[in-house]
Colleague: 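Can you keep this structure in mind? I'll have questions shortly.
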Protein chains: 2
Amino acid sequence: MTGRSDDRPTPSLEDYLEAIAELKAEGGKATVTALGKVIGVKKPSVHSAMKKLVEAGLVTHEKYGDVRLTPAGARIADEVCRRHKALLSFLANILMVDPTIAEQDACKMEHALSEESIHRLEKYISFVRECYPGSPEWGDIFDRYVDQGRDERTIPDGDGVRH
Amino acid sequence: MTGRSDDRPTPSLEDYLEAIAELKAEGGKATVTALGKVIGVKKPSVHSAMKKLVEAGLVTHEKYGDVRLTPAGARIADEVCRRHKALLSFLANILMVDPTIAEQDACKMEHALSEESIHRLEKYISFVRECYPGSPEWGDIFDRYVDQGRDERTIPDGDGVRH
DNA sequence: ACGAAATGTAAGCCTGGGCTAACATTTACG
DNA sequence: CGTAAATGTTAGCCCAGGCTTACATTTCGT
């Protein structure tokens, strides 16, 4: 009863599924070279990854053709994308981490979080959004807090992190 | 200017460093078998990991002796531990994920987050703690929100996850 | 429509990080 | 104090997931 099909593909394979979905979403074809560029690996690496995904029944890939997600593959790709979006939103909009770094971190964390945690994170994000509707102060307040260590009054707490 | 010594050991090696620190903290010796039990691997795996950590100058390990962190190793172990604690605190205390799952997720994510994100996460945690000092309502409100999809009024969102 | 450029595939290598089986050393107990 | 149990080490294997190099197929431009 822990969580449904928690037999996730490996992080690497999840990345490939995500990239395939991404390319399709942009109206393009998921070719071996395109995937290689998106993910940052060489063509033969993509090829062998596709072999594994085909075996797992997550994509179809005819010789010299493009790659397509099966329903099962699409479902997983959506899941990964959902995790990515939630993490990115939290990092960028709530923690207000630099967008580039937030993106990098989301890419890595999206493979590490359980379904339960992501579920609650999504809820938390919308909860915060609804409880502080469009509050423009929020960013400033938290930003000052991060830089100074306290809200208004400056009382150094000496935790060593300074920057 | 991106981030200091961002040449982290691999996730696996970070786990070993963390475990060594943990064992010491509990007043024990970091032996090969103890490490194997903590991390969940066999002795030879520990052994070869230690070889790498010795090469990297992060631990000392004399033949048939116990393992000790060098200053550099201790510094990294502390960092990892800091990341772990921040993530665990966020998951367990703010998202209120089940403690066991929170612990598992923290273990995996602690290798994925950048220094910048962890820094801001730590600040966020104390910020929330200070802004909602001991509010016992908080947990209930958010909990209901998670289960119901809205704050007070019940508007099911049908996302299928139920538990 | 044919050959060059782009694209896809195959074979084989490397590294990280596990494992087992076998051997070495140390520890502890009768 | 000597031997069995515990502990540590070595050698050699496996898998994931990259890589290069070489070869196959398709696409395109003239």
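What you see is a predicted model, and the numbers here were worked out from it, not measured in a lab. Protein chains get the first letters and strands the later ones, always in sequence-line order, with residue 1 at the start of each.
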Colleague: Among C:dA10, C:dG18, D:dT10, which nucleotide sits nearest the side chain of B:P44?
Modeller: D:dT10
Colleague: Heavy atoms only, 4.0 Å cut-off, all strands: where does B:S12 land among base, sugar-phosphate and nothing?
Modeller: sugar-phosphate
Colleague: Can you tell me how far CD of A:E14 sits from CG of A:L53, rounded to the nearest 0.5 angstrom?
Modeller: 10.5 Å
Colleague: Students often get this wrong, so: under 4.0 angstrom with heavy atoms, is A:T31 touching a base, only sugar-phosphate, or nothing?
Modeller: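 Result for A:T31 = sugar-phosphate.
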Colleague: Can you tell me the distance, in whole Å, between the NZ atom of B:K52 and the C1' atom of C:dT15?
Modeller: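 So the two atoms are 8 Å apart, to the nearest Å.
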Colleague: State which of D:dG17, C:dG17, D:dT9 makes the closest approach to the side chain of B:T10.
Modeller: C:dG17
Colleague: Looking only at atom types and distance, does a side-chain atom of A:E110 sit under 3.5 Å from a main-chain N or O of A:L87, one as donor and one as acceptor?
Modeller: no
Colleague: Ignoring hydrogens and angles, tell me if any N or O in the side chain of B:T31 forms a donor-acceptor pair with the backbone of B:D66 under 3.5 Å.
Modeller: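 Such a contact is absent between B:T31 side chain and B:D66 backbone.
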Colleague: Testing the 3.5 Å rule here: is there a donor-acceptor pair between the side chains of A:D15 and A:H111?
Modeller: yes
Colleague: Round to a whole Å and report the spacing from CD of B:E62 to P of C:dA24.
Modeller: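 Interatomic distance, CD of B:E62 to P of C:dA24: 22 Å.
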Colleague: I need the OH-P distance between B:Y16 and C:dG17, as an integer number of Å.
Modeller: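 Those two atoms, OH and P, are 9 Å apart.
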Colleague: Please report, rounded to the nearest Å, how far the P atom of D:dC19 is from the CD1 atom of A:I39.
Modeller: 11 Å
Colleague: Output the single nucleotide from C:dC19, C:dA10, D:dT9 whose closest atom is nearest the side chain of A:K63.
Modeller: C:dA10
Colleague: Given atom CG of A:D66 and atom C1' of D:dT27, what is their separation to the nearest angstrom?
Modeller: 15 Å
Colleague: What is the distance, to the nearest angstrom, from the NE2 atom on A:H61 to the P atom on C:dT7?
Modeller: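 It works out to 14 Å between those atoms.
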Colleague: Indicate whether OP1 or OP2 belonging to C:dG8 is found under 4.0 Å from a side-chain N or O atom of A:H47.
Modeller: no
Colleague: What integer distance in Å separates B:K43:NZ from C:dG17:C1'?
Modeller: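 One finds 18 Å between C1' of C:dG17 and NZ of B:K43, rounded.
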Colleague: On DNA chain D, nearest-nucleotide positions of B:T33 versus A:L13: which is more 5'?
Modeller: B:T33
Colleague: Would you indicate which nucleotide in C:dT9, C:dA21, D:dG8 comes nearest to any side-chain atom of A:V32?
Modeller: C:dT9
Colleague: Check whether A:R68 reaches the backbone of A:H61 with its side chain - one donor and one acceptor, N or O, closer than 3.5 Å.
Modeller: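 It does not hold such a pair.
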Colleague: Take atom OH of A:Y64 and atom C1' of C:dA6, then tell me their distance rounded to the nearest Å.
Modeller: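 Interatomic distance, OH of A:Y64 to C1' of C:dA6: 13 Å.
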